[in-house]
Asker: 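Below you'll find the structure I mean.
Remember, it's 1-based here, ligands and their atoms both numbered in the order they're listed.
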Amino acid sequence: MSQKEIPYKIYLEENETPTAWYNLRADMKNKPAPLLNPATHEPMSKEDLAPVFCEELVNQELDNTTRLIHIPKEIRDFYKMYRPSPLVRAYCLEEKLQTPAKIYYKFEGNNTSGSHKLNSAIAQAYYAKKQGLKGVTTETGAGQWGTALSMACSYFGLDCKVFMVKVSYEQKPFRREVMRTYGASVTPSPSNETNVGRKILEEFPGTGGSLGCAISEAVEVAVSTPGYRYVLGSVLNQVLLHQSVIGLETKAALDKYGIKPDMIIGCAGGGSNLGGLIAPFMGEKLRGEADYRIIAVEPASCPSFTRGTYAYDFCDTGMVCPLAKMYTLGSSFMPAPNHAGGLRYHGMSSTLSQLYDDGLMEAVSVKQTDVFAAAEQFARVEGILPAPESSHAIKVAIDEALRCKENGEEKTIVFGLTGTGYFDLVAYQKFHDGQMDDYIPSDEEIAESLKKLPQF
Ligand SMILES: *Cc1c(COP(=O)(O)O)cnc(C)c1O
């Protein structure tokens, strides 16, 4: 098919959208390492996880064999409000770069939460409701996950209690108001409402909090309140499973026009959007049916893949969660106040960690000011104001397109544009005022944090 017949935006018809999530683990020879009980170091069983997570989500978390998992009608109905998301050919960016490469991006910012996180939030809220629960607790850093979960909970009539990292709570009052609009209660973390919060406040008075600390608080409230469970917006296998809608739609759209990508690029915080985007492509790679370059992009200030260690670690500061084997900088690693809040987690999805360790994907880290320069370049030609997290993928897509120009290669690049940056304008302001720095942790700093990994 000639290029002209390919529309600028590829949308799928309703009957072309996925009816099942794809569980990549089913095709992995080396399965991701199991979650371990922090006390016994034995794999977490269904019974161990049941007090913390919703039942059906525990099943999905532990299922390494079922390839396709049916998407319930209620969730598909909700998806229809904002999905399928468009796969856009970045003609204007290609023109600007004068590259022979073809660039496509899958845009997940077309919903009120402004990111891909709603794909999993609605699934998790659905299963909580189906189990007859009253509500859920969670943490949020930059606020995107809390916003997505608030929307999902209000849709199903569930209570939603969000522990928001205190610095974000103070810096992003508008995110907080969106959550409250959807009926969520938002508490700055660390708080006086939990034992772990009080302990952290005593030890570090005046702390701005961290994701790891907010997770500990949310888990404590979930397990000590009848009818409540804890839900998480990234890292876990179940979240990657739900996010596979991104990749399945992308693949269906490309297949519809006979387009075969050479490389697939995504930003990686806990790994959920990247894991979802690459899922069906990685599946083909694992089954030996096709080959792709798959690139994870992380901030140089929080480089879990590129400078971390593959080991069992705590998922939270309070050490109440199960241990996960992952590329990690250590749970005591305190990332510099980078403006891509969604990428400031010390660890990485255990599924992606295993794939990376097996050499099936690459990772690069990029500096914050370079990311914002790429974000601005993209916004000016493609019209979308990208989230700082998403702009990590933009930066590397541009770099690869420029390499194609140097080498005269007509490669096809697909990247994930995970969200919009309207709540991140303070970061853009810092960039424009020349007040943004590129803090990169020293080897000593990382080594110090890794010393505190659990030993067994
Ligand atoms: C949360 C977030 C990310 C990073 O999370 P992953 O789980 O790694 O996908 C990326 N982009 C946006 C817009 C986010 O909100």
Side-chain angles (χ1 to χ4, degrees), residues 85 105-121 124 138-151 164-165 168 172 175 178-179 211 214-215 231-247 264-279 294-299 302-305 315 324 326-327 335 338-353 355-356 361 363 365-366 371 375 378 384-396 415-424 427:
S85 69
Y105 58 90
K106 178 73 168 164
F107 182 46
E108 292 291 321
N110 268 338
N111 68 78
T112 297
S113 82
S115 83
H116 64 287
K117 293 203 171 70
L118 195 54
N119 302 333
S120 183
Q124 298 196 44
T138 198
E139 75 294 329
T140 196
Q144 290 100 316
W145 168 244
T147 308
L149 189 68
S150 308
M151 291 175 70
M164 186 170 187
V165 177
S168 300
K172 299 196 170 184
R175 274 264 177 224
V178 181
M179 289 185 251
L211 259 185
I215 294 175
V231 294
L232 183 61
S234 183
V235 186
L236 295 176
N237 294 329
Q238 53 184 282
V239 185
L240 268 72
L241 174 73
H242 305 146
Q243 295 297 356
S244 69
V245 288
I246 304 174
I264 301 159
I265 301 169
C267 63
S272 73
N273 87 83
L274 180 67
L277 174 66
I278 67 173
I294 292 174
I295 309 172
V297 190
E298 56 186 17
C302 194
S304 349
F305 267 141
C315 295
M326 54 189 176
Y327 274 85
N338 181 292
H339 289 288
L343 304 182
R344 291 183 62 211
Y345 185 63
H346 66 274
M348 185 57 69
S349 140
S350 59
T351 297
L352 292 189
S353 292
L355 293 167
Y356 181 65
M361 54 186 278
S365 72
V366 289
V371 165
F378 181 84
I384 294 172
L385 184 78
E389 291 88 353
S390 325
S391 306
H392 286 67
I394 297 177
K395 161 70 182 148
V396 172
F415 74 89
L417 189 67
T418 50
T420 47
Y422 301 113
F423 289 102
D424 301 284

Asker: So, Glu298 side chain and Phe305 main chain: donor-acceptor pair closer than 3.5 Å or not?
Answerer: yes
Asker: Taking only heavy atoms of Glu389, which atoms of ligand 1 are found under 4.0 Å from at least one of them?
Answerer: 10 (C), 11 (N), 12 (C)
Asker: I need the Ser353 OG to Met361 CE distance, nearest 0.5 Å.
Answerer: 8.5 Å
Asker: N/O of Gly270 under 3.5 Å from N/O of ligand 1, yes or no?
Answerer: yes
Asker: With only distance considered, is Gly271 within less than 3.5 Å of ligand 1 through an N or O on each side?
Answerer: yes
Asker: Step by step, would you call Thr418 with Ser390 a side-chain hydrogen bond (donor to acceptor under 3.5 Å, both in side chains)?
Answerer: CA-CA 5 Å; Thr418 50; Ser390 325; 2.7 Å; yes
Asker: Report, in ascending order of atom number, the atoms of ligand 1 lying under 4.0 Å from any heavy atom of Leu343.
Answerer: 4 (C)
Asker: Report the part of Ala142 (side chain from C-beta onward, or backbone N, CA, C, O) that has a heavy atom under 4.0 Å from ligand 1; answer both or neither where that applies.
Answerer: neither
Asker: Tell me whether ligand 1 is touched by Glu108 - counting only heavy atoms on the residue side and a distance under 4.0 Å.
Answerer: no
Asker: How close do Ile384 and Phe378 get, heavy atom to heavy atom, and via which atoms?
Answerer: O-CD2, 3.8 Å
Asker: Heavy-atom distances under 4.0 Å decide this one: backbone, side chain, both or neither, for Ser272 against ligand 1?
Answerer: both
Asker: Relative to the heavy atoms of Gly269, which atoms of ligand 1 are at a distance of less than 4.0 Å?
Answerer: 8 (O)
Asker: Below 4.0 angstrom from a heavy atom of Cys267, which ligand 1 atoms are there? Numbered from 1 as shown, please.
Answerer: 10 (C)
Asker: Counting N and O atoms only, with roles assigned by atom type, does the side chain of Ser391 sit under 3.5 Å from a partner on the main chain of Ala375, one being a donor and the other an acceptor?
Answerer: no
Asker: Using a 4.0 Å cut-off to any heavy atom of Ser234, which atoms of ligand 1 qualify?
Answerer: 6 (P), 7 (O)
Asker: Under 4.0 Å from a heavy atom of Ser115: give me the atoms of ligand 1 that qualify, with their elements.
Answerer: 13 (C), 15 (O)
Asker: Using a strict cut-off of 4.0 Å, indicate which atoms of ligand 1 neighbour a heavy atom of Lys117.
Answerer: 1 (C), 2 (C), 3 (C), 14 (C), 15 (O)
Asker: Suppose we measure from atom 4 (C) of ligand 1 to each protein heavy atom; which comes out shortest, and what is that distance?
Answerer: Gly342 O, 3.4 Å
Asker: Only heavy atoms of His116, strictly under 4.0 Å: list the atoms of ligand 1 that pass.
Answerer: 2 (C), 3 (C), 9 (O), 10 (C), 11 (N), 12 (C), 14 (C)
Asker: How close do Val165 and Ala214 get, heavy atom to heavy atom, and via which atoms?
Answerer: CG2-CB, 4.4 Å
